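Lettering of chains follows the sequences in order, A, B, ..., and the numbering in each one begins at 1. Small disclaimer: the values here were computed from a predicted structure and weren't measured.
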Amino acid sequence: MNQPTALEQILITTKVEKVMNWSRATSVWPVTFGLACCAIEMMAAGASRFDFDRFGAGIFRATPRQADLMIIAGTVTYKMAPTIKLLYDQMPEPKWVIAMGSCATAGGPFDSYHTVQGVDKIIPVDVFIPGCPPRPESLIYGFLKLQDKIMTSSLADRYKDIFEEVG
Amino acid sequence: MFKNEEMEINLGPQHPSTHGVLRVKLRLDGETITHCKPIIGYLHRGVEKICENQTFFQGQVWTDRMDYCSAVANNLGWAEANEKLFGITVPRRAQYIRTMLNEFNRLASHLIWLATHALDIGAMTVFLYAFREREDILDLNEAFCGSRLTTTAFRIGGLREDLPPGFEKMARKFLAKFETCLEEYENLLSENRIWKKRTIGVAKLSAEDAIALGVTGPVLRAAGVPYDIRKAFPYAAYAEMDFEVPTQTAADTYARYLVRMAEMRQSARIVQQCLDGMPEGPVMAKIPKILKPEVNEVYHATEAPKGEIGYYLVGEKGSTNPYRFHVRAPGFINLQCLPKMAEGALIADIVAAIGTLDIVLGEIDR
Amino acid sequence: MPTPTLSQSLAITLIQCVLVVLFVFVVVPLTVFAERKVLGYLQQRLGSTRVAGGHKGVTGWMNRGMWKWGRIPVLSYWRGIPGLLADVLKLILKEDVIPAKADKFVFFIAPALSMVSAVVVFAAISFVPGTFFIFPSWFPGLAGLPVSGGIADINVGLLWILGVASVGVYGIVLAGWASNSKYPLLGGLRSAAQMVSYEVPLAISLLVPVVLSGSLNFSEMAREMAIGLSAWGLVPQLLGFLIYLTCGFAETNRLPFDMPEAENELVAGFHTEYSGMKFGFFYLAEYINMTVVSALAAGFFLGGPWLLPFGLQGLFNHLLPAGSWLAGPHAIFFVAKIIFLLFTYIWVRGTIPRYRYDQVMTVAWKYLIPMALFNLLLAALVRCAV
Amino acid sequence: MTDPIVPQPEAAPEAPKGPYVYDYAASPQRQVVMPKTVPLPSRRTYLAEVKAAAEADEAKWQKMLADFETAKTKAEAEGKDAPKPPVRPVPRKDDNDMKTPWPEEAKDADLLLLQACLGAKVEEVFEQAGELTCQVSKDTILEVLLLCRDHADLRYEMLADQTATHYPAATGWDYSVVYHLTSISRRKRLRLRILVPEGFIPDSACAAYPSANWMEREIYDMLGITFANHPDMTRILCPDDWEGHALRKDYPVVGWGQRDIAFREDRGGMIERIALQKAGQLGINLKQPKAE
C-alpha cells in the first residue's frame, strides 16, 4: 500500500482530492468558542498584530453548523464536556480540532476533581499546541500544521475506520 | 383562540457574547425577558482545592489563571494576603513597581472589556483597536516577567527581579501615545447615537441594589458610590498616589462605560506618578526560603479591575500549605445582579448587561 | 436593423442572462473578498493574503503574488483572491446537515427561494441605456442583431424589482421556521417584522423617482432622474436618497440593522442550522441583494449610467465616438457607482454599532415613514407646479 | 493477497471483557492525609498556648537547674571539676522582615459594642493582623448580621464574602463559617464567625444581605453545609448529580473519578484495546469497575 499502483497514479481522483484538500485547507472557518485563558490569546491571534485572517481563518462562525475547525482554547471541565461533545457532533464533516494549550492537551496544571485531563478523551484532536497559554504565534504555527495535515490527507485515510468496520 | 406562550432559550455555554462559558437560561415573552437565571460552573477547575494542597509560594500560578484578563491584579492581592498572614513588610520600591504593573494591568483589562463590550453591541472595529493597544501592554508584561498573559509577576515579600533596563522608556513611550488612543475610541463611541441608544438606560442597577447584592468595582461606582479599595483601604503604594475615583450617577451601561474610560485615564496618571517617583532600593524583603505561618486567618481585599478581589487564607502552624484558600471573586458576586438587570429588558439588552458587568468565567467558577 | 425571429430573440435573451449572471457572480464574490479586505484596513490589519500549500507550485505562485505586479504594495493586497474560490468549493464539498426535527422540504426550499429571488431581480435592471452591443457580421445566426443593456426592460420594472425582492423575505422567514430551533425562529420573526416595516419607506422613497419621471421602467426612470434633472438625482432628492439607503441597509440585513442574524444575540439568526452550500446561498443572496439595492440607488440617485461625476461626462463624450460597439463608459461607470455603494455598506459595517430590535422598528415607523411621505408630498407638489 | 515474506503480526493479548478505568484508589494522590490540628485562630487558645509554653519553658529551666544541682553535688562528691552552670536558652531571633501577627485583645469600638449588645451570644472577640474577628453562637447569626447592618454605630452595608472551612480534627464542631462584612460609609471591615457541627443547619444570611445567595450555594456545593430559608439551595459550580463535596478535607484533589469520562466514540473497542496494551507495558494498575 506504500507505493501507489500505476492505476492509482493515473486516476484523476487523486487530483480532484488535491483540489478539494486545497480548498478545505485554505478556507478553514473556526467556531467562536473560547473556554478560558487561551481564548484571550485566540482573540489576540485574530486581532491586528497577528491577524489570523491572513491564512483564511478569519471568519469566526458563531454556529458550529458553518464551521470547519474547533479550537479548544482552555480547560475542559466535567460539566462542560457533554457540551463540547455536542458541539463537535453538530459540526458538519469534514471537521478538525485544535487543542490549544496544556489544559486542552492534557489537563495542564489543573490536576483536580472537575477537570477533564485532555480534550482528546472526548473528541478526536488533530493538532495539539503546548503552552500555558500558547502565544498567538504558536496558534498560527499549529494552524499551519493543520493546513499541512489537511493538504496531505486523503478521504480513504479519513474514513479508514469506518471502511474497516463496514468491511 | 390566541394564547401566550413563553419560550425558554439557552444563552450559552457556547455563545458569542457570553464571554466564555456562562450559560443563561432565559424565558422570553416575544423578545422581552421575563425570567433570567445564570448558570455557572462550566469552568470550575478546583483552584481552591489545588491551592490547599500546594505550598504558599506555589499558589500564585493559580491566581494568574483565575481572572486571566487581569493576572497581575490577582497576583497582587494574593501576595499581599500572604504578606499579611506572615507579617512581612515589603520594600518601598517593590510597592511602587507593583502599583505600576497593577495599573498597567487595569488598562489591559479595561481594554479587553471595551473590546468585547463594543463587539457585543456590534462595533467591531473598536475590538481591533483596543487589542492593538493591549498588545503594547503585554509587551511591557513580557519585558518584566517573560509572559504575556499569565504573568506570575510577584513573589511573597516583593519581586523576583527589578525592572529590566529600558522598561521605563517603553512605559513612557506607551503613556505618551495612550491618550490619543483613548480619544480614538471615544470618537467612535462616546457621541455615537446608536451606541448611546444601546447603552443609556440599559441594565440599570441602583446603588441600594448594588450594595445589597455586594456588587463592587466600576458597576458600583457608576451608581454613584465612590467605593474604591485603593482609596478606602489603601494598599501597595496607593496611599502615596494622587488620583481620583471617577463616579457617575446614572447607574446604566453608558455610565459604566464612562466610569471605565475615566478610570483608564486615572490609571495612566498613576503609572506616570510611579515612573516619576520611583524610589531606589531593594525589591525583595528578607524572608526565609520556607514559610510556615502561625495560626492566623486573613482576608485581604484589593481593587481588581472588575471589583473587590479578596483572598481568605487560613494558616496552619508548622504547615507549608494554606489550610484554607478562598477567593472572593468580583465577577462571581457581580454576576448575581444579572437577573435584576435583565428581567423586563429585551434580549439584546442582556448582551449589553453581560458585557457591562465585565465578567471573566475563570474567576467566577475558579 | 433586422427584426429577430423568435429563436434569435431567445438566444439573445439567453446570452443576456449569462452576462448578467456572470456579472453577479463576479461582483458578489469580489464584494465578499472586499469586505474582508476593507474591514481589515479599517481595523489596521491585512485580511486574507494567503492560500494553503506553501511556497511551491501553483499555490506558491498564488501566495507570492497573483500577477507579475503582485509585489507592488497596493496591488499585492489582492493576493487572497484565490481564497474565494476555495471558500465556495469548500462550502459545496461540506457535509449538508439537515436537523432531524426540521421540516425537510421547507428547509431545502428556503435558501433557494432567497437566492433565486435575489438573482431574478436583475432581469429588470438595465446596465446600459439602449444597445449594449451589436453582433458583428461574422457571428453565425445573430449577425447584426442588437443586444440591449438589460434582460427585460419592461414597463413595470420597478414593480417587478420590489415584488420579487420581497419574495426573498420568505426565504428568511421560512428558513427560521423550518429549522425548528429557537434562535432561527427568533431570527425569522425579527426579519418578517423588519422587512415589512422597511419595505414601506423604501417603496415610498422609490415613488419619488416614479413621480418625477412618470414611468415605472428602470432605464427610463434612470434617464429622467439623470438627464431630465440634468444633475444627479440626489441633488434634489437628498432626503429620498438617505431614506432609501437606510432602508436598503435594513432590507439586506446589514449592520446596523442586521437583526435577523445578529451574531452577538442570536448566534447566527435564521441560518443557525444551515451548513454547506445552503448557508452559502444565504450568504451570497445577502450580497446579491446588496448589489441590487446599490444598483437601484446608483440608477436613481447617482446619475445611473448617464451622468459621470465632476464634469467627466463631457470628456467622455469627446473621447469616445458615438455609436461605439461598446457603450463602454456608461456600463463601466454604472458599475463603478455600484461598487462605491457596496464599499459604503462595508464602511458602515466597520464603523457603527448595532441597533436594538425595538429601536429598529422605531426608526422605521416613527422617523422614516413620515419623512418619506413628506418627501413624496414635496416631490408631487414640485411636479405639479412644474 | 498478503505478501508471504512479511511475518504475520503477533496475536494481540487476550483482552478481558468490559470497560476499564484507571484505579485511582491506588494512586498516591488519592490517599488523603487528614489534618491533625485545628488551625482556628483565637485569642483564648493563643493565651493558653503561650501560658503553656511559658510553663513548659519554666519547667524545663527548673529541670535544668535541678540537673545542674545534682550534677554539681555529684561532681563535688566525686571530687571532679564542677560542671558549667546552665544558661537559660533565649528564643532565637530571625534576621528577617517578618513580624508574626498574634491574636490581640479586642480594643476596637465595634467589637466592644457588639459584645455589649449581644452579651453571652458572643463567644469570642479579638484582633489579628489589623482585622476584627467576632465569633458568635451559631443560632444567632442572622440576628447578629441584622444588628451589624442596621445598628447606627455599625452600619456594615455590604457582605463582601462568606465562606466556610472544614476542620475534621475539631471536637464538638466540624465547620467554621465566616462572614466578611464591609462598611462602605465607615471604611471598616469585620469578620463574623460561627462554628457549625456536621448536620447543623444555620440560618441563611440572604434575609439580611441578598448577596449571600450564591456564596451560600457555593458553600453548600463545596462543603455540604445547608442553610435554612435559602431561596435556592442547589449546587452552583459542580453539576447537580455530583457526588461528594470537594473542599472537605477528606475529598481527594483528583476527585472520585468523575472527571475520567469517555464520550469519545470507540470504534470496535479499539481505544480500549490500545489502552490496555499500553497500560500493561507501563505496569499501570487497571481494574474492572465495581458493578453498580
Residue B:Tyr68 versus chain A: region with a heavy atom under 4.5 Å | side chain

Do you know which of A:Thr63, A:Thr115, A:Thr75 has the most heavy-atom pairs with chain B at a distance under 4.5 angstrom?
-> A:Thr75

B:Asp139 side chain reached by A:Arg49 side chain, heavy atoms, under 4.5 Å = yes

B:Leu119 CG to A:Met43 CE distance, which is reported to the nearest 0.5 Å | 8.0 Å

Are A:Lys79 and B:His44 close enough that some pair of their side-chain heavy atoms sits under 4.5 Å apart?
-> no

Around A:Tyr141, counting heavy atoms of other residues, nucleotides and ligands shown, do more than 12 lie under 6.0 Å from its OH?
-> no

What part of A:Leu35 lies closer than 4.5 angstrom to a heavy atom of chain B: side chain, backbone, both or neither?
-> both

Toward chain A, the part of B:Ser147 with a non-hydrogen atom under 4.5 Å | neither

For B:Leu149, is it the side chain, the backbone, both, or neither that has a heavy atom closer than 4.5 Å to a heavy atom of chain A?
-> side chain

Where on A:Val31 is there a heavy atom nearer than 4.5 Å to chain B: the side chain, the backbone, both, or neither?
-> side chain

To the nearest 0.5 angstrom, please state how far the OG1 atom of A:Thr32 sits from the CD atom of B:Gln14.
-> 7.0 Å

Does the side chain of A:Ile40 reach to within under 4.5 Å of the side chain of B:Arg134, using non-hydrogen atoms?
-> yes

Nearest heavy-atom contact between A:Thr83 and B:Pro13 is CG2-CG, 3.9 Å

Atom of A:His114, atom of B:Gly41 and distance for their closest heavy-atom approach = CE1-O, 3.6 Å

Heavy-atom distances under 4.5 Å only: say whether B:Glu142 touches chain A with side chain, backbone, both or neither.
-> side chain

All heavy atoms of B:Phe131 vs all of A:Ala47, minimum pair found to be CB-CB, 3.5 Å

Considering all heavy atoms of both residues, which atom of A:Ala36 and which atom of B:Leu43 are nearest to each other, and what is their separation?
-> CB-CD2, 3.7 Å

Turns out that what part of B:Ile50 lies under 4.5 Å from chain A's heavy atoms comes down to side chain

Nearest-0.5 Å distance that lies between atom CD in A:Glu41 and atom CG in B:Leu138 = 7.0 Å

Given a strict heavy-atom distance threshold of 4.5 Å, which part of B:Val61 is in contact with chain A: side chain, backbone, both, or neither?
-> neither

When only pairs under 4.5 Å are counted, which of A:Pro64, A:Ala73, A:Pro133 shares the most heavy-atom pairs with chain B?
-> A:Pro133

Would you mind checking which part of B:Arg45 comes under 4.5 Å of any heavy atom in chain A, side chain (CB onward), backbone (N, CA, C, O), both or neither?
-> both

Does B:Arg65 reach the side chain of A:Cys132, with side-chain heavy atoms less than 4.5 Å apart?
-> yes

